[in-house]
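The structure under discussion appears below in the form of C-alpha cells.
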Amino acid sequence: MNPNTVLDFLRDHPQFLEDNAHLLYNAPAWSQDGRVLSLTERQLRTLREKNTALERQLRDMLRAGTDNDVIGERLHRVTLAFFAANNLTMALAVLRQSLSEDFQVPCIAVRLWATPDNTVRHIAECMPVSVEIQEYTDALDAPYCGRDVSGEVRSWFDGTKALGSFALIPLRTRQTFGLLALASPDEQRFPPGMGTVYLTRLSELASVALEQHLSF
C-alpha cells in the first residue's frame, strides 16, 4: 500500500487512532541490535537516551561552573596583589607569578613601549619593540590565540624549547602601550578559536595595574 494513501486515510479519519490505540502501541519496530520492539518500548528507550544526554549536559555545565569559579578566584587574588604593588617591577612580578603559578602558563613575555616612571629604569620589559609589533598590537580587538606569530615575538622566548601555541594580549587603557605574550609547547594550550573572555579580563586588569607606573 502506498504510504501516502495511509496518511490521507488518517487525516480523513482522525478518530481511527483513538479507537485503535492498541494497534499503535503494540506495533513492532526493529531496534539497532536486531530485536523487535513495541512502540512503547521504543519510546521508553528514546526517553532514556534523552535523559542520559541531559544528565551529561548538566554534568558539563556544573563542571564549567566550577572551572569558572576557580578562574574567578585566581583573578581576584591577582587583583589584590596588584593593589599591593607600588612600582612597575613589583607589578610585573605579580603578573608573572600569577600566570606561572595560578594559571600554569609555562612561557611569559611582556613588552612595554611607554616610558617607565622614575621608580625603575632599564628593565627588560621596556626593551625596544618594532613599529610593526606596536601597530599589530594596536589593531588587535581581542586577544589572539594560535600558532602564527612573528619571529620578533618568538625571539622574546629565547632559550625555551619549541613552542606550539601562543596568546597575544594587548595592554591598553587610554592607548595601547604594550603586549603580553603567553606561549606553550602544547599546540592545544592556545588553539585558534579559543574563548578569550578571561584573557580579555586579564588584559584589562594587567593594563590598569601597569599603566599607573608608566608615562605617555
Side-chain angles (χ1 to χ4, degrees), residues 67 70-72 74-75 77-79 81-82 85 87-117 120-216:
D67 292 344
V70 171
I71 294 174
R74 291 170 179 172
L75 288 175
R77 284 204 301 267
V78 70
T79 300
F82 273 137
N87 60 50
L88 182 58
T89 300
M90 290 182 63
L92 288 168
V94 166
L95 179 61
R96 287 183 176 276
Q97 182 176 3
S98 176
L99 289 169
S100 176
E101 297 182 3
D102 289 337
F103 294 96
Q104 304 298 308
V105 178
C107 303
I108 304 158
V110 181
R111 289 296 182 273
L112 307 171
W113 43 88
T115 305
D117 61 19
V120 291
R121 295 181 182 277
H122 309 301
I123 63 175
E125 287 78 5
C126 290
M127 294 174 60
V129 176
S130 70
V131 174
E132 289 76 16
I133 290 294
Q134 295 183 39
E135 292 177 345
Y136 169 82
T137 304
D138 193 49
L140 284 176
D141 294 327
Y144 163 81
C145 295
R147 304 174 186 175
D148 299 325
V149 298
S150 69
E152 182 176 354
V153 171
R154 287 181 179 274
S155 70
W156 299 348
F157 301 98
D158 183 43
T160 60
K161 56 185 178 181
L163 298 173
S165 61
F166 299 83
L168 304 182
I169 305 171
L171 299 172
R172 63 166 65 99
T173 50
R174 294 166 291 174
Q175 65 189 59
T176 304
F177 62 83
L179 179 64
L180 170 61
L182 313 179
S184 172
D186 182 2
E187 293 184 355
Q188 297 305 314
R189 181 63 190 276
F190 303 111
M194 171 182 170
T196 58
V197 172
Y198 285 107
L199 291 179
T200 298
R201 291 183 182 178
L202 176 63
S203 170
E204 296 168 347
L205 178 60
S207 295
V208 172
L210 297 174
E211 184 262 353
Q212 62 182 324
H213 303 297
L214 300 170
S215 58
F216 296 88

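Along the sequence shown, residues are numbered consecutively beginning with 1. These numbers were taken from a predicted model, which means no experiment stands behind them.
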Problem set entry | Approximate separation, where rounding is to 0.5 Å, of Leu171 CG and Arg111 CZ | 12.0 Å

Seminar exercise, completed: The reported gap from CE in Met90 to CD in Gln97 (rounded to nearest 0.5 angstrom) is 11.0 Å

For this session: Check Leu168 against Leu140 and note the closest heavy-atom contact, atom names and distance.
Result: O-CD1, 4.0 Å

Problem set entry | Criterion side-chain contact (heavy atoms from CB on, under 4.5 Å) on Leu182 and Ser165, from CA distance to verdict | CA-CA 8 Å; Leu182 313 179; Ser165 61; over 6 Å; no

Seminar exercise, completed: In short, Leu95 meets Ala206 closest at the heavy-atom pair CD1-CB, 4.1 Å

For this session: Given side-chain contact (heavy atoms from CB on, under 4.5 Å), test Leu92 with Val110 step by step and report yes or no.
Result: CA-CA 8 Å; Leu92 288 168; Val110 181; 4.0 Å; yes

Problem set entry | Residues which pass side chain to side chain donor-acceptor pair (under 3.5 Å) with Arg172, listed by chain and number, not counting sequence neighbours | Thr176

For this session: Using atom types as modelled and distance alone, determine if a side-chain donor or acceptor of Ser207 lies under 3.5 Å from a backbone N or O of Ser203.
Result: yes

Problem set entry | Heavy-atom side-chain proximity of Ile108 to Leu180 below 4.5 angstrom | yes

Exercise. In Å, rounded to the nearest 0.5 Å, how long is the span from CD of Glu135 to CG of Asp138?
Worked result: 8.5 Å

Exercise. Just how far is it from atom CD1 of Ile133 to atom CD of Glu152, taken to the nearest 0.5 Å?
Worked result: 4.5 Å

Exercise. Does Ser150 reach the main-chain N or O of Val153 with its side chain, forming a donor-acceptor pair under 3.5 Å?
Worked result: yes

Exercise. Which word best sums up how the rings of Tyr144 and Tyr136 line up, parallel for under 30°, tilted for 30 to 60°, or perpendicular for over 60°?
Worked result: perpendicular

Problem set entry | For Phe166 against Phe190, the heavy-atom pair lying closest together | O-CB, 3.3 Å

For this session: Run the numbers on Val131 and Trp113 for side-chain contact (heavy atoms from CB on, under 4.5 Å), then give the verdict.
Result: CA-CA 10 Å; Val131 174; Trp113 43 88; over 6 Å; no

Exercise. Is the side chain of Thr200 donor-acceptor paired with the backbone N or O of Thr196 at a distance under 3.5 Å, no angle test?
Worked result: yes

Exercise. SG/Cys145 to CG/Leu199 distance, rounded to the nearest 0.5 angstrom?
Worked result: 5.0 Å

Exercise. Which residues pass the salt bridge (charged side-chain N to carboxylate O under 4.0 Å, His left out) test with Glu187, sequence neighbours left out?
Worked result: Arg147

For this session: Give the C-alpha distance, both sets of side-chain angles, the deciding distance and a yes or no for side-chain contact (heavy atoms from CB on, under 4.5 Å) between Arg189 and Val105.
Result: CA-CA 9 Å; Arg189 181 63 190 276; Val105 178; 3.8 Å; yes

Seminar exercise, completed: Note: Ala124 and Met127 closest approach over all heavy atoms is O-CG, 3.0 Å

For this session: Determine the minimum heavy-atom distance between Arg154 and Leu163, stating which atoms define it.
Result: NH1-O, 3.8 Å

Problem set entry | For the student: nearest non-hydrogen atoms of Pro106 and Ala183, plus distance | CG-O, 3.4 Å

For this session: May I ask you to decide whether Arg96 forms a salt bridge with Glu101, counting only side-chain N to carboxylate O separations under 4.0 Å?
Result: no

For this session: Please round to the nearest 0.5 Å and tell me the distance separating atom CG of Leu99 and atom CD1 of Ile169.
Result: 7.5 Å

